[in-house]
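These values consider heavy atoms only, across backbone and side chains, with no hydrogens, waters or symmetry-generated copies.
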Amino acid sequence: MLILSRKVDEKIKIGTDITLTIIEVKGDQVKVGVEAPKNVKVFRQEVFEEIQRENKDAASAAPISEEGLSALFKKAGRSSRL
């Protein structure tokens, strides 16, 4: 792990496309601005872990049968006409 010290308004470059800017330091909290291309997804660690957990759960879910899928579409069709 690379550890860097920065002051407010100082920046860190990651590659050529990503810039981190220290916005504010208050007590034990640091606000960091992230500039990255739209195709680069940026998440807080806890959000990323939750997404990974949900993806894993969805991938391991039992597949739905044709009958179950058909029933879902019929139910959705009825509710959209209300």
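Atom-to-atom distance recorded for I23:CD1 and D9:CG is 7.0 Å, nearest 0.5 angstrom. The CG atom of L20 sits 9.0 Å away from the CD atom of E35 when rounded to the nearest 0.5 Å. The structure places CD of E67 at 12.0 Å from CG of L72, a figure rounded to the nearest 0.5 Å.
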Pair V40-I18, side-chain contact (heavy atoms from CB on, under 4.5 Å): steps then yes or no: CA-CA 9 Å; V40 175; I18 300 172; 4.2 Å; yes
Derivation of the side-chain contact (heavy atoms from CB on, under 4.5 Å) call for V32 and T21: CA-CA 6 Å; V32 178; T21 304; over 6 Å; no
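Hydrophobic clustering, with ILVMFWY side chains joined whenever heavy atoms are under 4.5 angstrom apart, keeps V34 apart from V47. Linking ILVMFWY residues whenever their side-chain heavy atoms come closer than 4.5 Å, directly or via other members, places V30 and I14 in the same cluster.
Enclosure of atom CZ in F43 by more than 12 non-hydrogen atoms of other residues, nucleotides or ligands within 6.0 angstrom is indicated. The local environment of CD in E46 is crowded, with over 12 non-hydrogen atoms from other residues, nucleotides or ligands closer than 6.0 Å.
Applying the salt bridge (Lys or Arg N to Asp or Glu O under 4.0 Å) test between E10 and each of K7, K13, R6 identifies R6 as the sole match.
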